[in-house]
Asker: 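This is the structure I have questions about; it appears just below.
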Amino acid sequence: MSEQNNIKLLPVEFENKNGKFRQVFMNDEWYIYSRDFSETTYFEVFKRKVVDCFDFETKTPTGERKETYPNNAENFGMWAWCCLSIEDALKYTTVK
């Protein structure tokens with residue numbers, strides 16, 4: 001993760017058990033990542049969210065902040081969406 005104004009930014013590319021992710025769009029309010037999973041490419045579009053970081057053991061704020069990726073099903077449909085095309089994902093970024 002890189003830092004901008006003391007905020008840890010999301011990585012441009014990463015991989016986990018849910019597939020390979022690559023940032024394909026960003027602006028001040030939105031991100032779109034392509035997600036390669038089971039021989040299919042999806043596009044996850046989500047609002048930029050910055051959260052406070054906490055010490056894992058003490059549960060106290062560290063004073064650091066970071067961008068967060070939607071990480072559970074409750075996020076999708078609220079501030080994140082999964083699309084089958086980049087064109088459909090981009091539609092969310094123009095919603096006011």
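Along the sequence shown, residues carry numbers from 1.
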Asker: List the atom pairs, donor and acceptor, that lie under 3.5 Å between side-chain atoms in residues 12-23 and the rest of the protein, sequence neighbours left out.
Answerer:
| from | atom 1 | to | atom 2 | distance (Å) |
| --- | --- | --- | --- | --- |
| Asn16 | OD1 | Asn18 | N | 2.7 |
| Gln23 | NE2 | Tyr33 | OH | 3.2 |

Asker: For the residue pair Val45 and Phe43, establish whether any side-chain heavy-atom pair is separated by less than 4.5 Å.
Answerer: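 SC-SC contact between Val45 and Phe43 ruled out.
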
Asker: Supply the atom-to-atom distance Trp30 CH2 to Thr94 OG1, rounded to the nearest 0.5 angstrom.
Answerer: 9.0 Å

Asker: Is the closest basic N to carboxylate O distance between Glu67 and Lys49 below 4.0 Å?
Answerer: no

Asker: Restricting to side chain to side chain contact (heavy atoms under 4.5 Å, CB included), what partner residues turn up for Asp52, sequence neighbours left out?
Answerer: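 Listed in chain order: Phe54, Arg65.
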
Asker: Checking Asp28 now: which residues fulfil side chain to side chain contact (heavy atoms under 4.5 Å, CB included) with it, not counting sequence neighbours?
Answerer: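 Applying side chain to side chain contact (heavy atoms under 4.5 Å, CB included) to Asp28 gives none.
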
Asker: Any salt bridge between Arg48 and Glu29, counting N to O under 4.0 Å?
Answerer: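 Looking at Glu29 together with Arg48, the answer is no, because their closest N to O distance does not fall below 4.0 Å.
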
Asker: Pair Thr60, Asp55 - check side chain to side chain donor-acceptor pair (under 3.5 Å), show working.
Answerer: CA-CA 5 Å; Thr60 58; Asp55 181 277; 5.4 Å; no

Asker: Does the side chain of Ile32 reach to within under 4.5 Å of the side chain of Ile86, using non-hydrogen atoms?
Answerer: yes

Asker: Once you round to the nearest 0.5 Å, how far does CD of Glu44 lie from SG of Cys83?
Answerer: 9.5 Å

Asker: Any chance the rings of Tyr42 and Phe37 have centres within less than 6.0 Å?
Answerer: no

Asker: Which heavy atom of Cys82 sits nearest a heavy atom of Phe76, and at what distance?
Answerer: N-CD2, 4.1 Å

Asker: Could you tell me whether a side-chain N or O of Ser38 sits under 3.5 Å from a main-chain N or O of Thr40, the two making a donor and an acceptor?
Answerer: no

Asker: Taking it one step at a time, do Tyr69 and Phe46 satisfy side chain to side chain contact (heavy atoms under 4.5 Å, CB included)?
Answerer: CA-CA 8 Å; Tyr69 200 97; Phe46 55 95; 3.5 Å; yes

Asker: Decide yes or no for Tyr31 and Phe25: does some side-chain heavy atom of the first lie under 4.5 Å from some side-chain heavy atom of the second?
Answerer: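 Heavy-atom side-chain distance check fails, nothing below 4.5 Å.
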
Asker: How close do Thr41 and Asp36 get, heavy atom to heavy atom, and via which atoms?
Answerer: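 Scanning both residues completely, I find the closest heavy atoms to be OG1-OD1, 2.6 Å.
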
Asker: Are Lys47 and Asn75 close enough that some pair of their side-chain heavy atoms sits under 4.5 Å apart?
Answerer: no

